[in-house]
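Taking it in order: structure first as structure tokens, then the write-up.
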Number of protein chains: 2
Amino acid sequence: MDNFTLRQLRYFEALAQHGHFGRAAEACAISQPALSVQIRELEETLGAALFERNARQVRLTGFGEDVAAKVRDILRGADELADFARLSHDRLTGRLRIGVIPTIAPYLLPTIIGDLTRRYPGLDMRLRETLTPRLIQELAEGRLDTAIVALPVSEPSFTEVPLFSEDFVLVRPSADADKPVPNAETLREMRLLLLEEGHCFRDQALSFCNMNSSLPRELLDGSSLSTLVQMVGAGIGVTLIPEMAVPVETRSASVSLARFDAPRPSRRIGMIWRNTTPLADQLQEVAEVVRQSAETLAGQTAGATART
Amino acid sequence: MDNFTLRQLRYFEALAQHGHFGRAAEACAISQPALSVQIRELEETLGAALFERNARQVRLTGFGEDVAAKVRDILRGADELADFARLSHDRLTGRLRIGVIPTIAPYLLPTIIGDLTRRYPGLDMRLRETLTPRLIQELAEGRLDTAIVALPVSEPSFTEVPLFSEDFVLVRPSADADKPVPNAETLREMRLLLLEEGHCFRDQALSFCNMNSSLPRELLDGSSLSTLVQMVGAGIGVTLIPEMAVPVETRSASVSLARFDAPRPSRRIGMIWRNTTPLADQLQEVAEVVRQSAETLAGQTAGATART
DNA sequence: AGTTATCCATAGTTTAAGGTTATTGCAACA
DNA sequence: TGTTGCAATAACCTTAAACTATGGATAACT
């Protein structure tokens, strides 16, 4: 292998520039003998003289000139690396891969993308929307940096921080607007439309009714909350949606909304990341930003829910 | 300044590639703790984690990936430098700046350019033809690597090696072909055409006649041997030319050649270089090549002189 | 669940590398 | 012929980097 050091290259460049051991050494903040030794060792590793030493001046040899050009490239590369590292210091930078579950993504992402981009200019955000199990797997494999999911996840190798809680809202045909709000019991008797299997929100909704997810039931599965609301509008049944989805999903459907009495169904949303990620500090910051975005969004949503 | 070392970058690259401290350390031919320490120190200098260490694997962080790209560039540059140096090992390479006096250049250069190029492929030869004082100055200033001149030069800071001696040949009008060959005495009475001042060959010719160069005389100065021979052909006078110039200069002129009796006028041609040049060894080689080229050339020249 | 295996980090020690000051040697110049 | 300027060398000291041995955490196995 090549056995020269970056230090030798820096000394070499200084000497090439100054043409004088004493002054070059001063520029490198070392003593003249130290520089002499390093230059000699560099010449030995390269196998040829880089400088011609003369009683009156020190001059690059032809070989030395060729070397100088290559050394310049190397040192500029090293400087760039140092600059890049300094700029990245403690700042969230480069790529940040965030996973989000489908029952959050459409409502939260538009806001937090904006907020994060404003907060961390130059951040290369990459978003992935998929079901919790896959998010967990990709996070474990290092293909994601963090994920926004429903808590708890209870993976010992993950850290989870809560972001916010959101209630579930009942969506029923407009015709039912004046009927009493059902409780968990009565809800079980109704035709409850749910997301297809795999969605955590499906399980959360079922759990509210004390029903088993795997229990074979005659229910129609939708692939998105949007679909479910459309089906409700068509009078096929009722469904639950998280509060955050209300403004978007009920905008154009003729359905009525109802909030449950206590104990209200709800879920906790949080961020998770690998315990070992070096981004922990920055991800805490990101969590704070997301939390505030969600809070703002919740304010608007509450208004919307009230209006309906 | 940046305080990382090339060694750390090599270790970093190995670890990035292997994703495993033990195997990367083995690839670097060091122990695992040594690698751990160097990686940690690199991370400290750069101010951020490069790898995420996990019980099962070691993975680059986003920052680490950006760094890896820059590190690759730096290391490839270093490798190139090492390769370049290895190729240049002890071989005469790169630029070689040779100065030659005008009364040698036209006759010797065509041959030695060919011979040197054959001997040192890839050599970037740069030739300069000018008068001895300027050659000496440029050599001293490091603007030439070596020069081919008439000896002695007697500069204490220069090394001189003899290449060959060459006799001076008398050139006179063809009509004089049968006249006896003049000696130094009788030559002084003839109309001797010489090169303009500054040419060493002018002084050498004058010295043969025991005449002082600065002595005001009615003589016509030519700017090249070629001009002088043309003037002889026109019957204006006689001149001396070095043996080596004979084949080229008398090819198309109607003049006759005559060799002097002993003591024949002659001059010693040699190569000079700075005592301090690191190319000394290689220049000795070059001198040997030039010596042989000149010998070959002298053989042809002798034949040509005999023919006339 | 206890045990083993794997793997990275840390500690303590030795060796090599790089720095310092003091001195020598060499050329150039007055 | 000293004198001066400058690079090389020597002797010594400090820091860096290697090694062996050990520790602690996490998965995997029985």
Side-chain angles (χ1 to χ4, degrees), chain A residues 1-12 14-16 18-45 49-61 64 140-142 155-159 274-278, chain B residues 1-12 14-16 18-45 49-61 64 140-142 155-159 274-278:
Chain A
M1 260 299 140
D2 47 72
N3 257 356
F4 50 83
T5 67
L6 271 183
R7 170 178 311 174
Q8 288 172 343
L9 300 189
R10 293 218 177 273
Y11 291 177
F12 167 77
L15 183 54
H18 289 95
H20 186 286
F21 277 77
R23 284 188 282 279
E26 192 180 8
C28 297
I30 56 169
S31 67
Q32 169 265 312
L35 187 131
S36 284
V37 169
Q38 292 302 317
I39 295 295
R40 177 165 51 76
E41 290 184 354
L42 180 59
E43 288 179 325
E44 280 168 12
T45 3
L50 295 166
F51 296 95
E52 177 176 339
R53 290 106 163 129
N54 182 308
R56 61 180 58 196
Q57 57 186 326
V58 174
R59 200 179 315 112
L60 276 174
T61 61
E141 287 170 356
E155 286 277 338
S157 62
F158 289 171
T159 300
R274 293 183 299 280
N275 296 328
T276 52
T277 186
Chain B
M1 259 297 140
D2 48 73
N3 257 356
F4 50 83
T5 67
L6 270 184
R7 173 180 322 199
Q8 288 172 345
L9 300 189
R10 293 217 176 274
Y11 291 177
F12 167 77
L15 183 56
H18 289 96
H20 187 285
F21 276 77
R23 284 188 281 281
E26 191 180 9
C28 297
I30 57 168
S31 68
Q32 169 265 312
L35 187 130
S36 283
V37 170
Q38 290 303 316
I39 294 295
R40 177 166 50 76
E41 289 184 355
L42 180 58
E43 287 178 325
E44 280 168 13
T45 354
L50 296 166
F51 296 95
E52 177 177 339
R53 290 106 161 127
N54 183 308
R56 62 180 58 197
Q57 57 185 328
V58 173
R59 208 182 3 245
L60 276 174
T61 62
E141 287 170 356
E155 286 277 338
S157 62
F158 289 171
T159 300
R274 294 183 299 281
N275 297 328
T276 52
T277 186

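Proteins come first, then strands; the chains are lettered A, B, ... in the order of their sequence lines, and each starts at number 1.
- Inspection of the A:Thr159 and A:Asn275 side chains reveals an N or O donor paired with an N or O acceptor under 3.5 Å.
- Between chain A and DNA chain D, the heavy-atom contact criterion of under 4.0 Å yields a 5' to 3' nucleotide range of D:dC6 to D:dT9.
- A donor-acceptor contact shorter than 3.5 Å links the side chain of B:Thr61 to the backbone of B:Ala49.
- At least one donor-acceptor pair under 3.5 Å links the side chain of A:Arg53 to the backbone N or O of A:Phe51.
- Nucleic acid contact class of B:Pro33 (heavy atoms, under 4.0 Å, all strands): base.
- Toward the 5' end of DNA chain D, the nearer of the two residues A:Arg7 and A:Arg23, judged by each one's closest nucleotide, is A:Arg23.
- Five base pairs at each end of the helix from C:dA1-D:dT30 to C:dA30-D:dT1 define two local axes, and these are offset by 10° (rounded to 10°).
- A donor-acceptor pair under 3.5 Å is formed between the side chain of A:Glu43 and the backbone N or O of A:Leu50.
- No contact: B:Phe51 has no heavy atom under 4.0 Å from any strand.
- Between the side chain of A:Gln38 and the main chain of A:Leu35, no donor-acceptor pair closer than 3.5 Å is present.
- In this structure, A:Ala34 reaches the bases: a heavy-atom distance under 4.0 Å links it to at least one base atom across the strands shown.
- Checking B:Gln32 against B:Ser36 by side-chain atom types alone, a donor-acceptor pair falls below 3.5 Å.
- Side-chain proximity of B:Gln32 to C:dT21, C:dA28, C:dC8: nearest is C:dC8.
- Distances were taken from every side-chain heavy atom of B:His20 (C-beta onward) to each of C:dT20, C:dC7, C:dA9; the shortest belongs to C:dC7.
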